[in-house]
Structure formats: structure tokens, C-alpha cells
Amino acid sequence: MDSFTKRRISDINFTIDKDLNVKDGNRSFLRLIHKTDFNVNISYILEDSDVKNFKFFLATFDDSFPKRNFLVTIKPFENYISCIFTVTKKGDLFDVIIEELSYSRQLLDKALLESRELTALIQNFDAYYFTYDGQNFSLKNTKDLTTIFNGKRSAFQDYFTNTFRINLYNDDTRAQLDSMLNNIENFISNKYYTLLQVNKKILTVHTLKTSTRKNSLIVASMNLHKENEPVINAYSESRDGLTGLYNKKAITELAIKKINEEKAPCSLIILDADKFKECNDTFGHIFGDRVLVTIASCINDAIKGRGIAGRIGGDEFLILLDVTDEDDIRNITRNIRTGIQWSITNVEPESVVTCSMGIARCPINAKSYEELFELADKSLYIAKYRGRNCYIIYKPELHDKILIENKQVDDRMATGEFFYDTMNSEIKILEKLQHADKNQKESVMEILNLLIDFMQISKITIYDKDFNVLYLAGIDEINSRATFIKKCKNYFRIFNQYGFLFLDNTNILNSIDGERYELYRHMEISSTVEILNKDKNGENHLLICYDLYRPARTFKKDKLTFALLVARKLSEIL
């Protein structure tokens with residue numbers, strides 16, 4: 001393999017037009033495409049679907065956002081490499097910088113035969129399997145992978161019927177065969193068929209859609225069984241029907257075997273999709289299913305043969321890595337996190353689905369599956385608390401203190417002490433609101449300072465209708481939001497229909513609104529709640545911002561609700 005293909009992609013940039021014709025670039029780009037000049041169209045190094053989508057992306061480029069990102073798979077040699085194209089519009093041309101997302105070493109040569117899906121299926125065949133590529137059927141032998149037959153449907157039906165002695169005089173059997181072939185030609189996958197044979201055995205066929213990454217295929221697994229013997233397909237029994245990953249039973253059994261029985265060093269990751277319920281409610285369950293499939297795909301791309309993964313709940317996944325080195329784990333989890341974020345927001349920019357991960361290592365943290373799972377689950381809780389869209393590798397010296405503090409909070413909640421203290425704080429703030437006077441700045445500042453302590457945030461800023469700072473309480477490190485709002489026409493584009501924006505972790509803006517992401521990074525804001533209040537005429541009245549500096553943290557629902565209530569009352573007073 002060329003030494004260049006073994007290195008990570010970096011420092012590659014080029015300029016193209018809307019039809020993907022290259023106009024300029026640097027030397028690294030020429031090495032990437034194995035060319036000596038720029039007279040080339042980059043479509044030949046892109047997946048077919050990416051070519052169409054990227055052209056549409058450029059044709060509909062929003063001039064109000066000069067820099068945007070596009071997730072793409074390139075194939076410069078015999079490898080596939082998932083990358084992010086950072087695109088900046090310059091007149092009629094587009095400058096592109098390539099940033100590598102993940103590196104896949106899967107070779108194109110014999111890609112179908114080496115794919116995990118097909119390998120798993122072949123292990124369950126008695127002797128044969130067949131594929132359909134949209135034109136021809138191919139019947140193959142599982143022992144030496146030789147092709148026994150290749151041809152169109154009618155010829156295949158005859159050959160298939162004769163080879164397996166299908167009794168076409170049986171109307172039910174004929175109907176099953178016709179239905180199977182029709183569905184296969186329509187690329188309808190995950191169907192089961194039972195065809196009775198004259199030798200008193202049963203032929204079962206299970207179809208699965210797979211891909212060579214160039215095009216899709218229907219792969220049909222075939223099993224011969226004795227009459228009345230239960231028909232079991234090991235692949236389908238162990239796989240999640242939606243994502244193709246292992247199901248909960250299978251991944252749990254494999255993890256227990258690896259950790260408890262084999263005592264193999266490994267890392268256990270629990271991944272949870274952030275705000276998946278909101279995504280389902282907003283965009284529908286069909287889009288929600290696409291999100292889950294995308295998450296599974298990003299996990300597979302990132303672990304790249306260094307582990308296995310399964311879906312253990314609605315939006316919860318378990319990953320078992322063969323590595324325990326912290327840098328390796330960080331690289332893999334970072335690729336999963338960024339892959340999910342970019343893939344989903346590129347499809348639906350309004351969606352804010354990200355992922356949180358908790359990680360524990362064997363034998364560093366624990367030596368049994370049960371203990372490891374518990375530590376990973378607790379680490380996931382910390383990741384959620386820290387604002388979601390992040391991962392936590394469990395370290396007792398860092399995280400046990402947090403877990404103890406959370407236990408203390410739980411104890412306080414159980415005894416009612418927590419609710420008593422919270423209620424007293426809320427009552428105190430409401431009483432101050434009742435007697436607040438906009439002509440007495442000190443009374444308003446007192447409310448804001450009490451609210452900062454109650455919410456445990458860094459600062460509160462109130463802007464007037466022209467977005468000038470009216471009040472500022474707490475830490476005043478950097479305040480460039482006012483200037484940004486005034487020059488940004490679309491600042492309120494991602495606010496919800498009720499006029500507020502709630503971000504557990506501002507890092508998610510990296511794939512939605514790059515300029516705003518840079519603003520928050522400059523101001524060191526990790527979590528924020530922004531409420532735009534309007535007057536009776538529907539005109540902007542006040543913008544109230546609750547900001548938290550690093551590290552990011554999730555705002556509890558009860559405190560968030562109270563913050564919105566206070567913002568409404570402050571709007572009435574001011």
C-alpha cells in the first residue's frame with residue numbers, strides 16, 4: 001500500500017466550481033488524487049450518492065453563512081476515508097478544506113465477500129447463497145465461493161427450482177417463490193420464505209440488503225432443514241432488525257464471555273442519543289429510525305474491526321472495544337461523536353441529536369461485566385450532566401467525587417431537604433420580583449445574583465430592544481454577543497417557536513451554525529439559555545441570557561422552567 005494512504009489526511013485544500021471541476025489546489029491535494037495538474041473533476045473520488053448530494057449542497061449554498069460543512073466519503077486509492085469538507089464560498093467558486101473524520105482500511109477488493117454482514121450470513125448457510133445486484137441473480141457455493149449460476153430472473157428461477165427440487169405443483173410453494181423473487185427485484189429486504197421440497201426437507205431463505213459501497217445488493221441466505229425441525233437463522237436471531245447491530249441479548253452474552261470468561265482486556269462503552277425523544281416528536285418516527293441507523297453506521301465506521309456493537313434499548317447502544325489505551329479510546333469515541341453530529345445535522349439542520357458516552361475499562365476499572373457496566377453507566381450519567389455531546393472515560397480519582405456528590409443530592413431529595421432548600425430559594429426570588437423597581441437598578445441586580453446562585457451559572461445578561469447591554473450580573477469575562485447580534489441577521493434562526501434557545505453544550509453548533517459556535521468559544525460559554533421576550537405588538541423587547549462557562553452542564557428541567565418564569569416577570573417589570 002502506498003505510504004501516503006497510511007497517513008491521516010491533513011493540510012489538503014482545493015477550489016472547485018458548482019459542477020465539481022477543480023480550479024486550483026495545493027500539492028497535498030494533487031498527491032491525494034494521484035494527478036499532476038488540476039484539470040480534473042472530483043466526482044471520480046466520491047461515492048455516487050455523495051456526488052449528487054454535494055452538487056445540491058453547492059447549488060443551494062446559503063450566502064448568509066459563508067462557511068459550511070459537508071460529510072463525504074472519498075476513495076482516492078483502494079481505501080475509503082470519511083471526511084468533512086469545510087466549504088467557503090468565494091464568488092462563483094468554492095474553497096474546500098478536507099478534515100478527516102475516520103479512516104477505514106477496508107479494501108475494495110472482494111469487499112462483498114469480506115463484509116461483516118455477508119461473512120455472518122455465510123456461516124449459517126448449508127451450502128449455497130445467492131445475490132441480486134439489480135440486474136442478475138448469482139448462485140454461489142459457500143465452500144469455495146465459486147459462482148454456480150449467473151443470469152436473469154427467468155433462467156435463475158428455472159435453475160433454482162431444479163437445483164433445490166422446488167415443488168411448483170404446490171400453489172403455496174409457487175406463491176412463496178414468486179413473492180420472494182418479486183420482493184428481491186424491488187429490493188425489499190429482511191424477508192423470510194419457507195419453500196417445501198420433494199425430499200421432505202424444508203428450504204428457508206432469509207434476505208438481507210447489503211452494500212459493496214458502490215451499489216446495493218440483496219443477499220439471500222439459504223438453509224436446509226429436516227421436516228418439522230425448527231427453522232433458526234443465527235444471523236437474524238442475534239441482530240437488531242433496524243440497525244443491523246447485535247441485539248441486546250447477543251451483545252450482552254458476547255460481552256460477558258469476553259470479560260467474565262476470557263478475562264480479555266477491553267473497554268465497555270454505553271452510548272445514549274441525546275434529545276432523541278424531542279427528535280421523534282418534532283420530525284416523526286421515520287426520521288427517528290433514520291437517526292438510529294445513522295448512529296449505528298457511525299459506530300461501525302469508527303470501531304473499524306476493533307470491537308463489536310449492539311443496540312440495547314430504544315436509543316441506547318453498547319460498544320465493546322478490543323483496546324484499552326486512552327488515546328485509542330478517545331480517537332474512536334471522538335469519531336463516533338463527530339460522525340453522529342455531522343451526519344444528522346447535514347440531513348436535518350434543525351435537529352440537535354448528538355450522543356453521550358460513558359466508558360469503563362477492563363481490568364483497569366473492574367474485572368466483571370456487571371461492575372464494568374455499572375461504572376460505564378455512571379460515567380454516562382456524568383456525561384449527560386456535563387452538557388451531553390461528550391464522553392467520559394471513568395477514572396476513580398476524577399469521577400468518584402462527582403458520584404458521591406450525586407449520591408448526597410439523592411439522599412437530600414429522599415429526605416425532602418433538597419426540595420425545601422430549592423423552594424425557599426425560589427420563594428425568595430419571587431418575593432424580590434414582586435417588589436422590584438426598574439428605576440432602582442440595585443433591586444434588579446439583587447434578583448439576578450440570587451438567580452445565578454440558584455441556577456449555579458456564571459452570568460446573566462439582559463439586552464434591550466436594540467440589543468445593548470441593560471444589566472449584567474456575575475462573571476464578566478468577555479461580552480461580544482451584542483455586537484454579533486447586531487451584525488447577524490439570522491441570530492434567532494435556531495430559536496424555537498416560543499422564542500428561546502436552550503443549549504446543554506454549545507459544541508453542537510459546530511455543525512449547525514459555525515459563526516455562532518466561534519462566538520461562544522470566544523466568550524467561553526459552554527451552556528446557555530437565551531430568551532427573547534416581545535411586547536404586546538410583537539416587537540423585540542428584551543433578550544435575557546443565562547450563561548455557564550466551562551465545563552458544560554445540563555440545566556435541570558425544574559430550574560430551567562423557573563428561569564423562563566423569571567425571564568417573563570423581568571420582561572414585564574423592565
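Worth knowing before you read on, the calculation uses all heavy atoms, side chains too, and leaves out hydrogens, waters and symmetry mates. Throughout, residue positions are numbered sequentially from 1 according to the sequence presented.
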Given side chains that start at C-beta, do those of [X] and [Y] come closer than 4.5 Å, heavy atoms only?
X	Y	answer
I340	I336	yes
Y546	L451	yes
I251	F317	no
C355	I295	no
I329	I393	yes

With rounding to the nearest 0.5 angstrom, report the [atom1] to [atom2] distance, [X] to [Y].
X	Y	atom1	atom2	answer
L470	L570	CG	CG	10.5 Å
F29	I42	CZ	CD1	6.5 Å
D17	K23	CG	NZ	4.5 Å
L560	L565	CG	CG	11.5 Å

Contacts of type salt bridge (Lys or Arg N to Asp or Glu O under 4.0 Å), residue [X], not counting sequence neighbours:
X	answer
K569	E572
D281	K277
R330	E326
K487	none

Okay, side chain of [X], backbone of [Y]: is any donor-acceptor separation there less than 3.5 Å?
X	Y	answer
D19	N21	no
Q341	N507	yes
N449	M445	yes

Next on the checklist: Quick one, Y369 with T252, criterion side-chain contact (heavy atoms from CB on, under 4.5 Å). Give me CA distance, side-chain angles, the key distance, then yes/no.
Outcome noted: CA-CA 9 Å; Y369 167 77; T252 302; 3.8 Å; yes
With sequence neighbours excluded, what pairs up with [X] under the side chain to side chain contact (heavy atoms under 4.5 Å, CB included) test?
X	value
A309	L245, I299, I303, I319
K52	none
A376	L268, I270, A360

Checklist entry - Can a salt bridge be assigned to the pair R481 and D547 using a cut-off of 4.0 Å between side-chain N and carboxylate O? => result yes
What do you reckon, is [atom1] of [X] surrounded by more than 12 foreign heavy atoms closer than 6.0 Å?
X	atom1	result
D92	CG	no
K275	NZ	yes
I97	CD1	no

Checklist outcome for this item: Tightest non-hydrogen contact, residues K384 and S356, listed as CD-OG, 3.9 Å
Checklist entry - If you take all heavy atoms of L242 and L292, which pair is closest and at what distance? => result CD2-CD1, 3.8 Å
Can you list the residues that meet the ring-ring contact (aromatic ring centres under 6.0 Å, His included) rule with [X], with sequence neighbours excluded?
X	value
F54	F57, F70, F85
F562	F454
F467	F492

Checklist entry - How are the rings of F502 and F555 set relative to one another: parallel (under 30°), tilted (30 to 60°) or perpendicular (over 60°)? => result tilted
Checklist entry - Tell me, which pairs form a side chain to side chain donor-acceptor pair (under 3.5 Å) where one or both residues lie in residues 309-321, sequence neighbours left out? => result D240-R311
Next on the checklist: Does the Lys NZ or Arg CZ of R516 fall within the cation-pi geometry relative to Y491 - under 6.0 Å from the ring centre and within 45° of the axis?
Outcome noted: yes
Checklist outcome for this item: side chain to side chain donor-acceptor pair (under 3.5 Å) filter on E371, not counting sequence neighbours, yields S368
